[in-house]
Amino acid sequence: MKKLGIIGGLGPMATAYFMQRIIELTDAASDQENIEMVVYNCPSIPDRTGYILGRNKENPLPKILELAHELERQNVDYIAIPCITAHYFHPDIAKAVFVPVGNGIKETAEYLVSAGVKRVGIMATDGTVQMHLFDSVFKDFDIQCVYPDVECQKLVMSIIYDDVKAGRKVNMEEFYTVKEQLFEAGAEVIILGCTELSILKRDYEVGPRVLDIIDVLAADCVNKCAVARPECQNLITK
């Protein structure tokens with residue numbers, strides 16, 4: 001059994017749900033067979049999208065690195081970051097510590113390849129979209145990405161920031177509008193590419209052919225640190 005370190009709070013509810021999914025996907029018959037986790041729930045880390053797009057000057061990387069080093073000092077075997085926009089900094093984080101740092105985008109690409117999926121629709125923050133975080137990895141796996149148009153991307157951002165992060169009820173008609181547009185653009189599967197959208201899946205019916213990246217992250221952590229349940233192989237909704 002290995003020890004998992006989590007750089008969390010980005011946002012706090014997504015971190016709590018991430019831990020829940022790790023527990024649910026672990027094949028444990030007792031408390032002792034679950035993964036030991038060291039979790040830093042640090043919501044004071046500056047907004048990743050705002051910094052990446054130049055809307056604010058507060059760089060979130062120094063605080064993220066501080067937490068990564070602290071986890072390293074606590075002898076964790078693997079580090080996870082349940083925030084996809086923060087994967088923009090993944091190369092810097094991975095170089096700064098000796099502990100392996102999970103890459104949820106790469107893990108998602110590998111999962112899609114195993115499922116035979118070649119074209120996906122991406123729901124994610126403006127920062128993730130504009131920095132091409134998915135495209136830059138998926139191209140190496142021959143997976144094409146399609147994105148919402150300008151108006152639908154505004155709906156995605158509103159769901160993430162105005163609804164989920166603000167603790168408000170989600171307008172699911174807006175979600176389905178975006179989902180349908182992506183399917184019409186040829187997507188075989190929709191990626192919930194922001195961990196706030198994972199909360200939406202937890203609380204609402206998202207329908208078939210949806211892959212939640214927090215499930216991929218959780219399954220990766222379980223496979224690295226413990227024994228996984230069979231559900232880890234069937235993450236796309238039916």
Ignoring hydrogens and angles, tell me if any N or O in the side chain of [X] forms a donor-acceptor pair with the backbone of [Y] under 3.5 Å.
| X | Y | result |
| --- | --- | --- |
| Asp77 | Lys3 | yes |
| Thr85 | Thr49 | no |
| Thr237 | Arg209 | yes |

Can you confirm whether [X] sits close enough to [Y] that some side-chain heavy atom of one is under 4.5 Å from a side-chain heavy atom of the other?
| X | Y | answer |
| --- | --- | --- |
| Gln74 | Tyr40 | yes |
| Leu155 | Pro148 | no |
| Ile143 | Val113 | yes |
| His69 | Val97 | yes |
| Val210 | Lys179 | yes |
| Pro46 | Tyr51 | no |

Is Phe141 linked to Ile84 within one hydrophobic cluster, defined over Ile, Leu, Val, Met, Phe, Trp and Tyr using a side-chain heavy-atom separation of less than 4.5 Å?
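Phe141 clusters together with Ile84.
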
TODO: Spell out, yes or no, whether Leu25 and Val227 are grouped together once hydrophobic residues are joined by side-chain heavy atoms under 4.5 Å, including indirect joins.
DONE: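 No, it is not one cluster - the side chains of Leu25 and Val227 are not joined through contacts under 4.5 Å.
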
#### Entry: Reference residue Ile191; test side-chain contact (heavy atoms from CB on, under 4.5 Å); the match among Leu112, Val117, Val216, Ile236
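Testing each of Leu112, Val117, Val216, Ile236 against Ile191, the sole residue satisfying side-chain contact (heavy atoms from CB on, under 4.5 Å) is Leu112.
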
Quick one: salt bridge (charged side-chain N to carboxylate O under 4.0 Å, His left out) pairs with a partner in [range], sequence neighbours left out?
| range | result |
| --- | --- |
| residues 83-99 | none |
| residues 143-159 | Glu151-Lys154 |
| residues 115-141 | Arg55-Asp126 |
| residues 100-117 | Glu107-Lys224 |

More than 12 heavy atoms of other residues, nucleotides or ligands under 6.0 Å from CD of Glu33: yes or no?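 For Glu33, atom CD is crowded (more than 12 foreign heavy atoms under 6.0 Å).
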
Would you say CE of Met172 has more than 12 non-hydrogen atoms from neighbouring residues, nucleotides or ligands within 6.0 angstrom?
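Count over threshold, so yes.
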
Interatomic distance, [X] atom [atom1] to [Y] atom [atom2] [nearest 0.5 angstrom]:
| X | Y | atom1 | atom2 | answer |
| --- | --- | --- | --- | --- |
| Met157 | Cys194 | CE | SG | 8.5 Å |
| Cys42 | Glu70 | SG | CD | 11.5 Å |
| Ile190 | Leu182 | CD1 | CG | 4.5 Å |
| Ile105 | Ile213 | CD1 | CD1 | 5.5 Å |
| Gln153 | Gln130 | CD | CD | 8.0 Å |
| Ile81 | Thr15 | CD1 | OG1 | 11.0 Å |

Between Ile45 and Leu10, does the side-chain contact (heavy atoms from CB on, under 4.5 Å) criterion hold? Intermediate values first, please.
CA-CA 8 Å; Ile45 294 173; Leu10 317 171; 3.6 Å; yes

Does a donor on one side chain and an acceptor on the other come within less than 3.5 Å for [X] and [Y]?
| X | Y | result |
| --- | --- | --- |
| Tyr111 | Asp220 | no |
| Asp47 | Tyr161 | yes |
| Thr128 | Thr125 | yes |

Assess whether side-chain contact (heavy atoms from CB on, under 4.5 Å) is satisfied between Phe89 and Asn59, documenting all intermediate values. CA-CA 11 Å; Phe89 306 102; Asn59 187 346; 4.0 Å; yes

_Does anything in residues 163-178 form a side-chain hydrogen bond (donor to acceptor under 3.5 Å, both in side chains)? List the pairs, not counting sequence neighbours._
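Qualifying pairs: Lys165-Glu196.
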
Would you name the heavy atoms of [X] and [Y] that are closest together and state the gap between them?
| X | Y | value |
| --- | --- | --- |
| Ala124 | Val129 | O-CG2, 4.1 Å |
| Asn41 | Pro12 | OD1-CA, 3.7 Å |
| Cys145 | Phe134 | SG-CB, 4.1 Å |
| Ala187 | Gly121 | CB-N, 3.3 Å |
| Phe18 | Ala218 | CE1-N, 3.5 Å |
| Ala185 | Val146 | O-CG1, 4.0 Å |

- Message: I'd like to know whether Ile93 forms a side-chain contact (heavy atoms from CB on, under 4.5 Å) with Ile79, so could you lay out the CA-CA distance, the side-chain angles of the two residues, the decisive distance to 0.1 Å, and finally the verdict.
- Response: CA-CA 10 Å; Ile93 302 165; Ile79 293 175; 5.7 Å; no

* Does Arg48 make a cation-pi contact with Tyr88, if we ask for NZ or CZ under 6.0 Å from the ring centre and within 45° of the axis? ->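 No.
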
* Asked: Passes side-chain contact (heavy atoms from CB on, under 4.5 Å), Leu197 versus Asp212? Steps please.
  -> CA-CA 8 Å; Leu197 296 176; Asp212 179 3; over 6 Å; no

*Quick one: sort the His87 and His90 rings into parallel, tilted or perpendicular, breaks at 30° and 60°.*
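Parallel: the ring planes of His87 and His90 meet at under 30°.
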
- By side chain to side chain donor-acceptor pair (under 3.5 Å), which residues pair with Thr108, not counting sequence neighbours?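 Counting only residues at least two positions away or on another chain, Thr108 forms no side chain to side chain donor-acceptor pair (under 3.5 Å).
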
